[in-house]
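All values reported here derive from a predicted model rather than from experimental measurement. Whatever order the structure lists ligands and atoms in, that order sets their numbers, starting from 1.
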Amino acid sequence: MDGLISEPLTPVAQKAPGHWLIGTVTSIKQETPRVKTFRIELPMWMPHLPGQHYDVRLTAPDGYRAQRSYSIASSPIDEGEIELTIDRLEDGEVSPYFHNVLVEGDQVEVRGPFASYFVWRGEKPVLLVGGGSGVVPLMAILRHRRRTMPDLLMRLVYSVRNAEDVIYSDELGDDAVLTFTREPPEGWSGHRGRIDDGLIAEAGIDDGIAFVCGSNGFVEAASELLLEAGYDPRQIRTERFGPTG
Ligand SMILES: Cc1cc2nc3c(=O)[nH]c(=O)nc-3n(C[C@H](O)[C@H](O)[C@H](O)COP(=O)(O)OP(=O)(O)OC[C@H]3O[C@@H](n4cnc5c(N)ncnc54)[C@H](O)[C@@H]3O)c2cc1C
């Protein structure tokens, strides 16, 4: 496999993630009924590798703190800012704060970028397999490839529950294959149900590097399918977002 490192990808490998920074929310986009994207301007921005994440820290007036990780959705070409796409969990501590409290112009404490394993450094071909909000770091990879190496072979396999839950729907084209586990859009003739060997085969990339992201259960199932499809285990990189299956 070629190690294809393009110009914008190199600097981050040489720097350590910084200290906590105060970022400013410059825009908020409602992606789906449960998901919003927050564009955050950073005073000391550092280029990231697609796949990396930031930590976010909230501090209550009594000093209580909650910290969570959120993948970067944007390409490192977007200098000075990052985008985080956050799924609202009703009984959560941090994600409802982003959804219900934060408005444009607010400040938020962040630190990053982190992770050296779940990152794309230009290898090819690439299969991206995402479940629900697990598509976020995969979209950073897809966006970066579109802007720097549009001819590089990359496909996204994306599993969502319902038609209304498709994040980044206006950006998904021929390079994405979707499946709906519950309610597909009206007239949908594509795949339904959980990802399976047929869907992996439909993506048409049977070797190369694979990035799998989603809930624990999704990542387990998808990785198993990739192994059965003949993927080298050393070429399957996984990121798990939460405790549920
Ligand atoms: C490296 C990394 C990157 C991540 N990137 C993203 C991202 O891009 N977008 C995003 O929305 N989330 C992402 N997450 C998940 C995120 O860090 C939080 O776990 C999530 O937002 C829940 O935090 P909370 O404070 O709202 O809920 P919590 O108060 O932590 O949890 C509330 C309830 O939800 C359950 N729960 C916690 N996390 C999840 C989950 N992910 N799915 C289902 N149930 C859960 C808990 O068990 C608990 O019952 C990422 C996690 C990791 C480790």
Quiz item: Does a side chain donor of either Arg194 or Thr181 reach within less than 3.5 Å of an acceptor in the other side chain?
Solution: no

Exercise. Taking the six-membered ring for Trp and the full ring for Phe, Tyr or His, determine whether the centres of Phe98 and Phe38 are under 6.0 Å apart.
Key: yes

Exercise. Identify the heavy atoms of Tyr70 and Arg68 that sit nearest to each other, and give their distance.
Key: CE1-CB, 3.6 Å

Quiz item: Under 4.0 Å from any heavy atom of Asp91, which atoms of ligand 1 are there?
Solution: 32 (C), 33 (C), 34 (O), 49 (O)

Exercise. Determine, considering heavy atoms only, which of His99, Glu93, Glu90 sits nearest to atom 29 (O) of ligand 1.
Key: Glu93

Quiz item: Given Ser215, Ser133, Ser69, which has its nearest heavy atom closest to atom 17 (O) of ligand 1?
Solution: Ser69

Quiz item: If you look at every heavy atom in Leu84 and Ile72, which pair is closest and at what distance?
Solution: CD2-CA, 4.3 Å

Practice problem: Test Leu226 against every option in Asp206, Ile200, Thr238 by the side-chain contact (heavy atoms from CB on, under 4.5 Å) rule and name the one that passes. | Solution: Ile200

Self-check item: Contact with ligand 1 for Arg240, non-hydrogen, under 4.0 angstrom
Solution: yes

Quiz prompt | Considering all heavy atoms, the nearest Gly173-Arg146 contact | solution = N-NH2, 4.2 Å

Quiz item: Any idea which of Tyr70, Phe114, Phe241 brings a heavy atom closest to atom 20 (C) of ligand 1?
Solution: Tyr70

Quiz item: Which of the atoms of ligand 1 are close to Pro96, meaning less than 4.0 Å from one of its heavy atoms?
Solution: 26 (O)

Quiz item: Which ligand 1 atoms, with their elements, are less than 4.0 angstrom from a heavy-atom of Gly242?
Solution: 39 (C), 40 (C), 41 (N)

Quiz item: Quick one: does Arg68 get an N or O within less than 3.5 Å of an N or O on ligand 1?
Solution: yes

Quiz item: For Asp78, which residues count as a salt bridge (Lys or Arg N to Asp or Glu O under 4.0 Å) partner, sequence neighbours excluded?
Solution: Arg147

Quiz item: By number and element, which atoms of ligand 1 are closer than 4.0 Å to a non-hydrogen atom of Leu89?
Solution: 22 (C), 34 (O), 36 (N), 37 (C), 38 (N), 39 (C), 40 (C), 44 (N), 45 (C)

Quiz item: With a 4.0 Å heavy-atom cut-off (strictly under), which part of Val136 contacts ligand 1: side chain, backbone, both or neither?
Solution: side chain

Quiz item: For ligand 1, is Pro137 a contact, meaning one of its heavy atoms is under 4.0 Å away?
Solution: no

Self-check item: Short N or O distance, Ile86 and ligand 1, threshold 3.5 Å exclusive
Solution: no

Exercise. Within a distance under 4.0 Å of any heavy atom of Glu239, pick out the atoms of ligand 1 and give their elements.
Key: 1 (C)

Quiz item: Heavy-atom contacts under 4.0 Å between Thr85 and ligand 1: side chain, backbone, both, or neither?
Solution: backbone

Self-check item: Val94, any N or O under 3.5 Å of ligand 1 N or O
Solution: yes

Quiz item: With a 4.0 Å heavy-atom cut-off (strictly under), which part of His53 contacts ligand 1: side chain, backbone, both or neither?
Solution: side chain

Quiz item: How would you list all residue pairs meeting ring pair (Phe, Tyr, Trp, His ring centres under 6.0 Å) that involve residues 158-184, not counting sequence neighbours?
Solution: Phe180-Trp188

Quiz item: Does Arg57 make a cation-pi contact with Trp20, if we ask for NZ or CZ under 6.0 Å from the ring centre and within 45° of the axis?
Solution: yes

Quiz item: Going by an N to O cut-off under 4.0 Å, is there a salt bridge joining Asp87 and Lys36?
Solution: no

